[in-house]
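Bear in mind that the values here come from a model prediction, so they are computed numbers and not experimental data. In what follows, every heavy atom counts, from backbone to side chain, and hydrogens, waters and symmetry copies are set aside. Residues take their numbers from the sequence shown, with the count starting at 1.
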Amino acid sequence: MRRFFRSLTAALFLLGAGPALITALTATPALAQDALAAAKLAGQIGERPDGLVGAVAGAPPLVETLVAEVNAQRLDRYKEIARSNGTALDKVQAVAGQQLVERTPAGQFVMTPAGQWQRK
């Protein structure tokens, strides 16, 4: 995840982001990250191109709660980055989504731009 944030920082810097970006990229609570990693490994959650996560078809209902929590945290972070750098939210999400999908390990799910889940 640290590598993701370094890459996101570099990409947003190229879009005109400044030092405030680093402050906005604080760590997500460890518990949610552990649960997210476990759900990804189990094939229940995947990365979407918009920088958010989604529940893969067939995931248990409890996964939706985790998805909502992770997405709320990510959206808060993305909004802060966009606001502090004068960048559109959708651009921040697109950069984050690209980085997250690229960094998803083989065997885990990612959503295609057409909205279909596929194993990477």
Quiz item: At what distance, to the nearest 0.5 angstrom, does CD of Gln73 lie from CG of Leu75?
Solution: 10.5 Å

Quiz item: Backbone N or O of Leu52 within a donor-acceptor pair of the Asp50 side chain at under 3.5 Å?
Solution: yes

Cut-off 3.5 Å, no hydrogens considered: what does the side-chain donor-acceptor table look like for residues 109-116, sequence neighbours left out?
| residue | atom | partner | partner atom | Å |
| --- | --- | --- | --- | --- |
| Thr112 | OG1 | Ala114 | N | 3.3 |
| Thr112 | OG1 | Gly115 | N | 3.4 |
| Thr112 | OG1 | Gln116 | N | 3.1 |
| Thr112 | OG1 | Gln116 | O | 3.3 |

Self-check item: Distance-minimising heavy-atom pair for Leu36 and Val70
Solution: CD2-CG1, 4.0 Å

Exercise. Can you see which heavy atom on Ala96 is nearest to which on Tyr78, and at what distance?
Key: CB-OH, 3.4 Å

Quiz item: What closest approach, in Å, do Ala82 and Ala88 show between heavy atoms, and which atom pair accounts for it?
Solution: CB-C, 4.1 Å

Exercise. Would you give the length of the straight line joining atom CD of Gln93 to atom CZ of Arg48, rounded to the nearest 0.5 angstrom?
Key: 8.5 Å

Self-check item: Residue pair Arg83, Glu80: steps toward the side chain to side chain contact (heavy atoms under 4.5 Å, CB included) verdict
Solution: CA-CA 5 Å; Arg83 192 172 29 254; Glu80 177 59 33; 3.2 Å; yes

Practice problem: Tell me whether Ile81 is reachable from Leu89 by hopping between hydrophobic residues (I, L, V, M, F, W, Y) whose side-chain heavy atoms are closer than 4.5 Å. | Solution: yes

Quiz prompt | Steps toward side chain to side chain contact (heavy atoms under 4.5 Å, CB included) verdict (Ile45, Val56) | solution = CA-CA 5 Å; Ile45 290 180; Val56 176; 5.7 Å; no

Quiz item: Between Glu47 and Arg74, is there a salt bridge with N-O shorter than 4.0 Å?
Solution: yes

Self-check item: Gln44 CD to Gln108 CD distance, which is reported to the nearest 0.5 Å
Solution: 11.5 Å

Quiz item: Does any N or O in the side chain of Lys120 come within less than 3.5 Å of the main-chain N or O of Thr104, such that one atom is a donor and the other an acceptor?
Solution: yes

Quiz item: Counting heavy atoms not belonging to Leu41, are there more than 12 under 6.0 Å from its CG?
Solution: yes

